[in-house]
Trainee: 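Below: one structure in structure tokens.
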Amino acid sequence: MGSIEKAIRVSEERECVQEMVNTNPSFIPQKYLRSEEERAKDNIVDISLNYSSQIPILDLALLFNGDKGELEKLDKACEEWGFFQIINHGVPAEVLENIKNGAAEFFKLPLEEKRKYPYDPFTRQGYGLYYPHTEGQKLDWSDSIFYRLYPSHLRKPERWPAKPPSFKDAVETYSAEVRKVAGKLFGSLSLIMGMEKQEGLLELQKDLQMSMRVNYYPTCSSPDKVLGLSPHSDPSSITILMQNNDTVGLQIQHDGGWVPVKPVPNSLIINVGDVLEIWSNGKYKSIEHRAVTSETNTRISFGAFVMPNIDVEIEPLQEMLSMQQKPAKYKKIKFGDYLTYAVRQKMDGKANIEEYKS
């Protein structure tokens, strides 16, 4: 059986976690339960400690205007954290609220309504996410809608939920705004990576791709025994994340521990993807991150994955090699091949990018 056929079978067999919780809130199937050995390895940094407050917060308006101090903060954030939050990003608060409200209303719909937009492994769009089938794999305590946003010809509108009626327009508007944010960030990254033109990274990616995963994390009676999303790094250039409330669920790996990321109101969270790590020859790290669940609160997150065209070959930039005076640490690879490899593997930390080190 091929990987696509396995994807279809697993997608069809996998339960809706939200429906399981609605039916029996205390029941957790064995295939979601983490082993005691895995749980014992957790080293979660208390949010009251300094680590959470040290996660960098950058001003995108200052970055866009070329502020030297803010550019230095960006360089440091990418190198030391691989994660940062941005404020003054220019996305209207109304746009953020509209997509949050639309997603919240969608996940309230009856299961039969949500299943009118089933996930299609061929186009990677729709409700109900594909999990690669591996023996003994533990599943994540979450449900998802996956969108292909840019280039627009890759969209499959029949896989986009039509209810509530305003949801499609909210996704369209939000994605256009996030694409602008990505363009500004790539301009700043081009500057700190020594490229001749501010448009350098954007042009390098050719016809930019952008996908989005909307994750719904139901409550769990024993949140320490499951994960909402397994530890992984993203195969993107950058990922732009928005969370829908004050419930802390995202955790990032830093200095040997899992640091909870407390959302700043109306901010967006940015994380370095595998492609940016390769371009920077390892100076910037695509940090492992994961999502945990809550016993009392549901949570929704919106992850926009910004990536090069599939035909673009990715390798360490000559500018970074010259600055570092070091040999290339990563092999050259066509991005489409890297992405195909990544999406066919189970989420397993940084295993994907490790395969392509020189």
Side-chain angles (χ1 to χ4, degrees), residues 55-90 178-210 233-240 252 254 268-287 304-335 338-339 350 352-354 356-358:
I55 296 173
I57 299 174
L58 303 181
D59 188 318
L60 187 59
L62 291 178
L63 284 173
F64 187 61
N65 288 327
D67 183 90
K68 184 177 179 181
E70 209 68 11
L71 287 169
E72 289 173 352
K73 286 171 62 178
L74 174 64
D75 181 61
K76 188 175 181 181
C78 291
E79 183 174 6
E80 296 182 0
W81 285 89
F83 259 79
F84 54 94
Q85 300 194 60
I86 55 170
I87 57 175
N88 293 331
H89 44 65
V178 167
R179 192 184 190 194
K180 294 177 189 175
V181 170
K184 293 177 181 179
L185 284 169
F186 285 132
S188 298
L189 288 165
S190 297
L191 292 176
I192 63 174
M193 294 175 76
M195 302 191 81
E196 290 185 2
K197 297 192 297 182
Q198 196 166 354
E199 302 81 14
L201 280 184
L202 201 56
E203 292 178 355
L204 187 63
Q205 298 178 85
K206 297 183 180 176
D207 197 3
L208 199 71
Q209 293 190 86
M210 192 167 90
S233 64
D234 293 337
S236 56
S237 303
I238 59 172
T239 300
I240 302 176
I252 63 174
H254 186 73
L268 295 172
I269 297 169
I270 313 297
N271 70 269
V272 171
D274 292 345
V275 174
L276 186 55
E277 176 172 331
I278 292 171
W279 280 335
S280 72
N281 201 36
K283 179 181 180 181
Y284 305 145
K285 300 292 192 299
S286 57
I287 300 301
F305 307 94
V306 188
M307 304 169 283
N309 182 275
I310 58 173
D311 293 325
V312 170
E313 291 189 324
I314 52 174
E315 62 181 326
L317 297 179
Q318 189 58 51
E319 291 87 348
M320 297 301 294
L321 295 177
S322 297
M323 280 195 280
Q324 296 171 7
Q325 293 294 299
K326 293 178 181 178
K329 297 178 181 178
Y330 304 87
K331 306 168 190 173
K332 180 190 291 189
I333 184 174
K334 187 180 289 188
F335 177 69
Y338 183 75
L339 182 62
K350 296 195 58 156
N352 295 332
I353 197 169
E354 291 297 322
Y356 291 93
K357 286 191 172 179
S358 299

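On a predicted model such as this, the values are computed, not experimentally measured, just so you know.
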Trainee: Do other residues, nucleotides or ligands put more than 12 heavy atoms under 6.0 Å from Lys184 NZ?
Mentor: yes
Trainee: Quick check: does any side chain N or O of Glu277 sit under 3.5 Å from a backbone N or O of Ile287, one acting as donor and the other as acceptor?
Mentor: no
Trainee: Could you report the tightest heavy-atom contact between Glu70 and Leu58, atom names first, then the distance?
Mentor: OE2-CA, 3.4 Å
Trainee: To the nearest 0.5 Å, how far apart are CE in Met323 and CD in Gln318?
Mentor: 11.0 Å
Trainee: Using modelled atom types only, decide if a donor and an acceptor are shared between the side chain of Asn65 and the backbone of Asp67 within a distance under 3.5 Å.
Mentor: no
Trainee: Phe186 versus Leu204: any side-chain heavy-atom pair under 4.5 Å?
Mentor: no
Trainee: Please report the C-alpha distance between Met307 and Leu339 in whole Å, then the side-chain angles of each, then the deciding distance to 0.1 Å, and finally whether the side chain to side chain contact (heavy atoms under 4.5 Å, CB included) criterion is met.
Mentor: CA-CA 9 Å; Met307 304 169 283; Leu339 182 62; 4.1 Å; yes
Trainee: May I ask you to decide if Pro308's main-chain N or O and Gln209's side chain share a donor-acceptor pair within less than 3.5 Å?
Mentor: yes
Trainee: Please assess Lys73 against Asp59 for the test salt bridge (charged side-chain N to carboxylate O under 4.0 Å, His left out), listing each intermediate value before the final yes or no.
Mentor: CA-CA 10 Å; Lys73 286 171 62 178; Asp59 188 318; over 6 Å; no
Trainee: Tell me, do Val272 and Ser280 make a side-chain contact under 4.5 Å, heavy atoms counted?
Mentor: no
Trainee: Is the backbone N or O of Pro327 less than 3.5 Å from a side-chain atom of Asn281, with the two atoms forming a donor-acceptor pair by type?
Mentor: yes
Trainee: Do Leu268 and Leu60 touch side chain to side chain, with heavy atoms closer than 4.5 Å?
Mentor: no
Trainee: Could you pull out the closest heavy-atom pair between Pro316 and Ala328, with the gap in Å?
Mentor: CG-CB, 3.9 Å
Trainee: Between CD1 of Ile238 and CD1 of Ile270, what distance do you get to the nearest 0.5 Å?
Mentor: 5.5 Å
Trainee: I need the Gln205 CD to Trp279 CH2 distance, nearest 0.5 Å.
Mentor: 3.5 Å
Trainee: Could you tell me which residues satisfy side chain to side chain donor-acceptor pair (under 3.5 Å) with Glu72, sequence neighbours excluded, listed by chain and number?
Mentor: none
Trainee: Which heavy atom of Phe83 sits nearest a heavy atom of Ile55, and at what distance?
Mentor: O-CG2, 4.4 Å
Trainee: Write down the atom of Tyr284, the atom of Leu276, and the distance for their closest heavy-atom approach.
Mentor: CD1-CG, 4.3 Å
Trainee: To the closest 0.5 Å, what do you measure between OG (Ser237) and CG (Leu185)?
Mentor: 11.5 Å
Trainee: Using a strict 4.0 Å threshold on nitrogen-to-oxygen distance, state whether Glu79 and Lys76 make a salt bridge.
Mentor: no
Trainee: Using the side-chain hydrogen bond (donor to acceptor under 3.5 Å, both in side chains) rule, pick out the option among Thr239, Asp274, Asn271 that qualifies with Ser233.
Mentor: Asp274
Trainee: What is the distance from atom OH of Tyr330 to atom CD1 of Ile353, rounded to the nearest 0.5 Å?
Mentor: 5.0 Å
Trainee: Search all heavy atoms of Ile310 against all heavy atoms of Lys334 and return the closest pair with its distance.
Mentor: O-CG, 3.1 Å
Trainee: Write down the atom of Val275, the atom of Pro235, and the distance for their closest heavy-atom approach.
Mentor: CG2-O, 3.5 Å
Trainee: About how many Å separate CG of Leu71 and OG of Ser188, when rounded to the nearest 0.5 Å?
Mentor: 5.5 Å
Trainee: Pair up each side-chain donor or acceptor in residues 192-201 with any protein partner under 3.5 Å, not counting sequence neighbours, and list the distances.
Mentor:
residue: Lys197; atom: NZ; partner: Glu203; partner atom: OE1; Å: 2.7
residue: Lys197; atom: NZ; partner: Glu203; partner atom: OE2; Å: 3.2

Trainee: Can you check side chain to side chain contact (heavy atoms under 4.5 Å, CB included) on Ile252 and Trp81, steps first, answer last?
Mentor: CA-CA 9 Å; Ile252 63 174; Trp81 285 89; 3.7 Å; yes
Trainee: Heavy-atom count around Phe64 CZ within 6.0 Å, excluding the residue itself: above 12?
Mentor: no
